[in-house]
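A quick write-up on the structure given underneath.
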2 protein chains.
Amino acid sequence: MTPLFYKEQEKFYVSVDCLILGFKNDKLYLLISKRKFEPLKGQDSLMGGFVRAEESLSETVSRVVFEYTGIQDVFMEQVGAYGEIGRDTGERVVSLAYYALIDIQYFDEQLCKVHDARWQELDKVGDLIFDHNQILNDTIEILRNKAATKPLGFNLLPEKFTLPQLQSLYEAIYQTPLDKRNFRKKILEMDILEKQEDKDKSSSKRGAFYYKFNKEKYDLLLQKGYFFSL
Amino acid sequence: MTPLFYKEQEKFYVSVDCLILGFKNDKLYLLISKRKFEPLKGQDSLMGGFVRAEESLSETVSRVVFEYTGIQDVFMEQVGAYGEIGRDTGERVVSLAYYALIDIQYFDEQLCKVHDARWQELDKVGDLIFDHNQILNDTIEILRNKAATKPLGFNLLPEKFTLPQLQSLYEAIYQTPLDKRNFRKKILEMDILEKQEDKDKSSSKRGAFYYKFNKEKYDLLLQKGYFFSL
DNA sequence: TCAAAAGTGTTGTATGTACACCCATGG
DNA sequence: CCATGGGTGTACATACAACACTTTTGA
């Protein structure tokens, strides 16, 4: 069955490393865990898993994300492939990195104990194993570029969110303060948000109106050659 | 030596697929070849090769690019990983795609016969095997985005080039005509080109001055927070 | 009543875009 | 001497950046 030419080739372990990102308290957090096996057992690590024969790469990512968060159908994108010979000090492993953006309210806190995991502020992540810090840096760069031209951010927020929340999310992504009036003007002009009638009173006495992202409107605008930009 | 946990995992064939791009006659060309082995022997395909145990991924790419072009030290970047289960109809192969930008004057034409390869206009590439058309589309999108913010284009030109040449290159990348005066103003304002004293008279009687890209100047400007944009 | 966060417009500046003519030269 | 591609500047429109006060309401 397998053509001869293939049989002469080497085979490799293939894994995925997942950068699971969440947003709370106006800050971005990365889920990291203590590695469960040798080498470097007990060190901080991204969430990972080996690809199985019956899985596509994205299925592996979905499995890993579900295993560590309890959430399914999350937004994810590929960061890249990492294949230096000595990157994994155990064996040669080619790793495909993906980031996943989750709505942290659905995160199953129990799993932190199960996996010895924790949420770490994105800009305070310390040393990770192997090339995971490199992967993280690459991810942050990609995330910043993508967030400016694609409406990724909404994946990190609940279905209903306020404009101050949305603004602080983008401030966290870009690590820079944004002007409130300019931000609101720009996002509202895009006409992809729907104002709700109720308010979030959890962070002020006056309360801030909830909004919803309208994906249908956004997709329609896309077809008309419209480009998101924040 | 190999930790136990690894041994329980599956291994996979890992290959690289290279999108080798060149620029001539004011057009972008992709190098494609007839596949040399089954399945789909004889069909149009990207340049590819299996990763070897003693090679990093980028070493594999360098080897493949050299094998098919005779050129070393080319500019290359990763496009992504392609790992659907049935993407390669022979066996399961996880493929890492890279694009390489070459100065086509150094291309070894002999190799076309050796590998049954040819240069195909980028916007006239027909059906390729497996998911190679998908990979090509992804590459074009990445290339367009990168070319707008990084000085990639110079990798496709000789060391000395003219502004009309450079403009037609960017027109080929973006598939849109650019205004001559605006283009020249913008690129010259950046102060990363060095005007030479001699002219290229091959395409006009008057002749167009040669310019060189000054990488040192560019790197210096980068440190000062400068951003390339075309 | 007051502290704390939500909400609201205008103006100047910079950047991008559109546009037409003269120049140099080889044949 | 003329056809061909190379080279040049300005005016207008649009997008971006800076900036301060009023509103609401629970404690």
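Chain identifiers are assigned alphabetically (A, B, ...) following the order of the sequence lines, protein sequences preceding nucleic acid strands; residue numbering begins at 1 within each chain. All heavy atoms count here, side chains included; hydrogens, waters and symmetry mates do not.
- Straight-line distance from the CG atom of Leu230(B) to the C1' atom of dT15(C): 14 Å, rounded to whole Å.
- Among pairs with a residue in residues 68-81 of chain B, those fulfilling side-chain hydrogen bond (donor to acceptor under 3.5 Å, both in side chains) read Lys36(B)-Tyr68(B), Glu77(B)-Tyr99(B), Glu77(B)-Lys146(B), Gln78(B)-Tyr98(B), at least two apart in sequence or across chains.
- Residues satisfying the ring-ring contact (aromatic ring centres under 6.0 Å, His included) criterion with Tyr226(A), sequence neighbours excluded, are absent altogether.
- Using cut-offs of 30° and 60° on the angle between ring planes, the pair Phe130(B) and His132(B) is perpendicular.
- Rounded to a whole Å, the CD atom of Gln165(A) is 13 Å from the C1' atom of dA5(C).
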Using distance only, find each side-chain donor-acceptor pair of residues 185-196 of chain B under 3.5 Å and give its atom names and separation, not counting sequence neighbours.
| from | atom 1 | to | atom 2 | distance (Å) |
| --- | --- | --- | --- | --- |
| Glu194(B) | OE2 | Asn214(B) | ND2 | 2.8 |

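- Here dT14(D) presents its P atom at 17 Å from NZ of Lys186(A), a figure rounded to the nearest Å.
- For the side-chain hydrogen bond (donor to acceptor under 3.5 Å, both in side chains) condition, the pairs that include at least one residue of residues 19-33 of chain A, sequence neighbours left out, are Asp26(A)-Ser168(A).
- Here dA11(D) presents its C1' atom at 11 Å from NZ of Lys185(B), a figure rounded to the nearest Å.
- Remark: P of dT11(C) and CG of Asn182(A) are 15 Å apart, rounded to the nearest angstrom.
- For Pro164(B), the side chain to side chain contact (heavy atoms under 4.5 Å, CB included) partners two or more places apart in sequence, or in a different chain, are Thr162(B), Arg184(B), Ala208(B).
- Under the rule for a side chain to side chain contact (heavy atoms under 4.5 Å, CB included), the partners of Asp108(A) that lie at least two apart in sequence or sit in another chain are Gln110(A), Leu111(A).
- For Arg184(A), taking side-chain heavy atoms from C-beta onward, the closest of the listed nucleotides dA6(C), dC16(D), dT10(D) is dA6(C).
- Remark on the helix from dT1(C)-dA27(D) to dG27(C)-dC1(D): inter-end axis angle 0°, axes from five-pair C1' superpositions, rounded to 10°.
- Of the residues in residues 189-207 of chain A, those with a non-hydrogen atom less than 4.0 angstrom from any atom of DNA chain D are Lys201(A), Lys205(A), Arg206(A).
- Protein atom CG of Leu166(A) is 15 Å distant from nucleotide atom C1' of dG7(C), rounded to whole Å.
- Per the geometry, CZ belonging to Phe183(A) stands 14 Å off C1' belonging to dG7(C), to the nearest Å.
- Using a 4.0 Å cutoff on non-hydrogen atoms, the parts of residues 173-181 of chain B near DNA chain D are Lys180(B), Arg181(B), ordered by number.
- A donor-acceptor pair shorter than 3.5 Å cannot be found between the side chains of Asp17(A) and Tyr82(A).
- In this structure Phe75(B) satisfies the ring-ring contact (aromatic ring centres under 6.0 Å, His included) test with no other residue, sequence neighbours excluded.
- By the side chain to side chain contact (heavy atoms under 4.5 Å, CB included) test, Arg206(A) pairs with Lys199(A), Ser204(A), sequence neighbours left out.
- Applying the side chain to side chain contact (heavy atoms under 4.5 Å, CB included) criterion to Asp179(A), with sequence neighbours excluded, gives Arg181(A), Asn182(A).
- One interatomic measurement links the two molecules: CD1 of Ile187(B) to P of dG7(D), which rounds to 14 Å at whole-angstrom precision.
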